[in-house]
Amino acid sequence: MRISSTSLYWLVILGYLVIFTGCAAAAPSREFISEKPTKDYEDLVVGFAQIGAESEWRSANTASIKEAADQLGVELKFSDAQQKQENQIKAVRSFIAQQVDVIGISPVVETGWRDVFQEAKDAAIPIILVDRQADVPDNFYVTYIGSDFEEEGRRAGRIMVNLLNGQGNIVELVGTINSAPANGRYSGFRQITGDYPDMKIIASRSGDFTRAKGKEVMDELLKRYGADIDAIYAHNDDMAIGAIKAIEEYGLKPGQDIKIVSVDAARLAFEAMIAGKLNATVECNPLLGPRFFELALKVANGEQVPKWIKSEETVFFPDDAAATLPTRKY
Ligand code: GYE
């Protein structure tokens, strides 16, 4: 059969039309392929693996995160690990299973995170470290929001040098063993006091960042060293408050017979300074909620963020405590 050239021409055109319109109908538009929709706070689902409620600082931190989520309209899945790493690991796994957009975590200790962080990485869920660092390579988390713990330790060290005129016996109430703030505050303090051979750290014991443990450890240290103790360096205010109680029960005057420097600058520290029982507190800011969600949104939208968002902090002394207390938010 012969096909005329005109018919062939129309056949080819028809063929093109069929193929082209078919493809166009089946394929999504180009715009849809190349651009992911930008998320807003209301679209954001965030998992937060909190440590627990060991201190005033922690309670303020939890409140800040929950309030910020509420105000911004973010869907927050919040888990309290009751100070146990295994619970935090479980929480992260459950956030991965629920396919949240971003995971925030305050790692109770520095080590032991690689496997579970790798699982989040495999699921393409970014991790933001909030408040405490983890000992993992840089590419296991997008950013760290929090303090410079070594600098806090150095600040406490400088204050202690002044209080003791470079000479005296110090006992140290360490935070949770192997936690980032305990490690940083421990080494920062020594970077300063190490230059003063007459300042001796005669004991260094963990009070796990709690008031009860701070009191318990201090009871024991007072039994052992009694009035030989010139000063206490407490890694947080709660342990300092526990120690103050122990000193009073022992019959000495906290803030006078035994000088005390602690970290956090929570309201209870201001009250103790006003009462003359605490000599200084080094600030550590727990109000990280708004910053955390701001970064979580950026990260969820694929924006670049700095690797460390450092908190700005200062130190406080009894002289201004009464005037400053009303301005303190935690
Ligand atoms: O100093 C302490 C809390 O990780 C910086 O944890 C935080 C510390 C804070 O229990 O009070």
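In what follows, every heavy atom counts, from backbone to side chain, and hydrogens, waters and symmetry copies are set aside. As the structure is a computational prediction, the values presented were derived from the model and not from experiment. Start at 1 and go down the list; that is how both ligands and their atoms are numbered.
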among protein heavy atoms, the one nearest atom 6 (O) of ligand 1 is Arg132 NH2, 2.8 Å
So, Asp238 and Lys213, do they make that salt bridge, N to O below 4.0 Å?
no
Candidates Asn285, Val108, Asp264; heavy atom nearest atom 9 (C) of ligand 1 found on Asp264
Check your understanding: Can any side-chain N or O of Thr327 pair as donor or acceptor with the backbone N or O of Thr324 at less than 3.5 Å?
Key -> yes
The atoms of ligand 1 lying under 4.0 Å from a heavy atom of Asp131, numbered in the order shown, are 4 (O), 5 (C), 7 (C)
If we number the atoms of ligand 1 from 1 as shown, the ones under 4.0 Å from a heavy atom of Cys284 are 5 (C)
The option among Arg185, Glu54, His235 carrying the non-hydrogen atom nearest to atom 3 (C) of ligand 1 is Glu54
Counting from 1 in the order shown, the ligand 1 atoms closer than 4.0 Å to a non-hydrogen atom of Ser55 are 2 (C), 3 (C), 10 (O), 11 (O)
Regarding Gln133 and Glu110, is there a side-chain donor-to-acceptor distance under 3.5 Å anywhere? no
Q. Is any N or O atom of Asp238, backbone or side chain, closer than 3.5 Å to an N or O atom of ligand 1?
A. no
A student checking ligand 1 against Pro181 at a 4.0 Å heavy-atom cut-off should list atoms 4 (O)
Q.
Tell me whether Arg190 forms a cation-pi arrangement with Tyr186, defined as NZ or CZ under 6.0 Å from the six-membered ring centre and within 45 degrees of its axis.
A. yes
Taking NZ, NE, NH1 and NH2 as the nitrogens, is one of them in Lys277 or Glu271 under 4.0 Å from a carboxylate oxygen of the other?
no
Check whether any N or O atom of Arg58, backbone or side chain, sits under 3.5 Å from an N or O atom of ligand 1, and answer yes or no.
yes
Here the atoms of ligand 1 under 4.0 Å from any heavy atom belonging to Phe149 are 5 (C)
Q) Is there a donor-acceptor pair closer than 3.5 Å between any side-chain N or O of Ser147 and the backbone N or O of Cys284? A) no
Sorted by chain and residue number, the side chain to side chain contact (heavy atoms under 4.5 Å, CB included) partners of Asp40 (sequence neighbours excluded) come out as Glu42, Asp43
